[in-house]
Amino acid sequence: MKHSKHLAGWGRRTFLAMAIISALLWLSGVWMHAWPMDELFDMAPDEAMMRRIAGVMHGVLTWVFCVMVGRGVWPHVRVMWHKPTNTQWLMGCGILLLFAGLMITGLFLLYGNAALHDGSSAPHYWIGLLCPLVFLPHTWRRIF
């Protein structure tokens with residue numbers, strides 16, 4: 001039986017898929033922020049269609065992202081959690097907190113009442129905008 005190299009839950013395909021999905025989520029989120037839903041009726045028809053595409057794309061990619069978290073991130077966290085504390089470990093904890101914030105504010109955006117929706121829109125956007133600044137240094141060795 002061939003022994004596979006221990007990658008702490010991250011194979012090359014898993015990492016590449018997570019990087020692509022994260023980049024597309026980031027782009028669709030910025031796209032939706034650039035064209036807010038409350039201005040939908042004032043937009044040109046092609047702008048309104050692009051806004052709807054961004055919303056659908058963001059929703060579908062969120063589902064795929066959750067599948068990939070189960071596939072790659074949780075095994076990675078399980079293996080790495082008991083390792084000695086270092087900079088990479090601390091960045092991983094920061095990413096976990098950022099993703100928890102994104103998840104909670106995203107759920108408020110999807111299922112919350114108007115007050116929760118309005119209050120979580122800006123934090124969701126800014127947390128999502130900052131995620132690459134923490135994710136890239138954490139995974140830099142995997143990229144290059």
Side-chain angles (χ1 to χ4, degrees), residues 4-83 85-144:
S4 62
K5 184 179 177 184
H6 177 68
L7 295 173
W10 283 93
R12 289 193 187 277
R13 289 183 189 153
T14 304
F15 176 78
L16 180 62
M18 284 296 289
I20 291 170
I21 292 165
S22 297
L24 291 173
L25 273 168
W26 190 86
L27 288 171
S28 64
V30 169
W31 193 350
M32 290 189 328
H33 185 73
W35 291 305
M37 183 63 91
D38 57 349
E39 297 176 10
L40 190 63
F41 293 113
D42 297 329
M43 293 181 196
D46 47 339
E47 286 178 340
M49 179 61 75
M50 296 299 277
R51 173 57 172 88
R52 287 187 188 101
I53 289 170
V56 169
M57 188 170 106
H58 202 73
V60 170
L61 287 170
T62 300
W63 180 82
V64 175
F65 184 83
C66 290
V67 170
M68 292 306 297
V69 164
R71 164 69 176 86
V73 174
W74 291 125
H76 175 72
V77 169
R78 181 182 51 82
V79 169
M80 301 306 290
W81 189 255
H82 301 289
K83 299 283 184 186
T85 304
N86 60 23
T87 306
Q88 292 293 97
W89 189 88
L90 291 172
M91 278 194 273
C93 289
I95 292 169
L96 192 60
L97 289 174
L98 282 174
F99 284 160
L102 277 175
M103 179 190 70
I104 291 167
T105 56
L107 287 172
F108 288 164
L109 286 170
L110 191 59
Y111 297 114
N113 60 22
L116 281 175
H117 188 275
D118 293 343
S120 60
S121 181
H124 186 79
Y125 173 74
W126 287 108
I127 293 170
L129 197 64
L130 295 175
C131 275
L133 297 177
V134 178
F135 180 73
L136 289 174
H138 181 69
T139 59
W140 198 256
R141 290 183 297 180
R142 250 320 154 197
I143 295 171
F144 296 105

Practice item. For residues L129 and W26, determine if any side-chain heavy atom of one lies less than 4.5 Å from a side-chain heavy atom of the other. Key: yes
Review point. Between M32 and G55, what is the shortest heavy-atom contact and its length?
Key: SD-CA, 3.3 Å
Check your understanding: Going by heavy atoms in the side chains, are M103 and L107 under 4.5 Å from each other?
Key -> yes
Check your understanding: How long is the gap from OG1 on T62 to CE on M57, to the nearest 0.5 Å?
Key -> 10.0 Å
Exercise for review: Scan L25, I21, I20 and name whichever one has a side-chain contact (heavy atoms from CB on, under 4.5 Å) with V64.
Suggested key: I21
**Study point:** CE (M43) with more than 12 external heavy atoms under 6.0 Å
**Key:** yes
Check your understanding: Between S28 and H58, which heavy-atom pair has the shortest distance, and what is it?
Key -> OG-ND1, 2.7 Å
Check your understanding: Which pair of heavy atoms, one from T105 and one from S120, lies closest together, and at what distance?
Key -> O-OG, 3.6 Å
Exercise for review: Supply the atom-to-atom distance L61 CG to C66 SG, rounded to the nearest 0.5 angstrom.
Suggested key: 11.0 Å
Review point. Looking at OG of S22 and CG of L27, how far apart are the two atoms once the value is rounded to the nearest 0.5 Å?
Key: 11.0 Å
Practice item. Calculate, to the nearest 0.5 Å, the distance between atoms CG and CD1 belonging to L133 and I95 respectively. Key: 11.0 Å
Practice item. State, to 0.1 Å, how close R51 and W35 come at their nearest heavy-atom pair, and which atoms those are. Key: NE-O, 2.5 Å
Point to revise | Closest non-hydrogen atom pair between G70 and P75, with its separation | key: O-CD, 3.7 Å
Exercise for review: Would you name the heavy atoms of G128 and P132 that are closest together and state the gap between them?
Suggested key: O-CD, 3.6 Å
Point to revise | Point-to-point distance, once rounded to the nearest 0.5 Å, from CG of D42 to CD of E47 | key: 10.5 Å
**Study point:** Gap between atom CG of L109 and atom CG of L102 - 0.5 Å precision
**Key:** 10.0 Å
Review point. Are H124 and I104 side-chain neighbours, meaning at least one heavy-atom pair lies under 4.5 Å?
Key: no
Point to revise | Parallel, tilted or perpendicular: rings of W81 and W89 (30°, 60°) | key: tilted
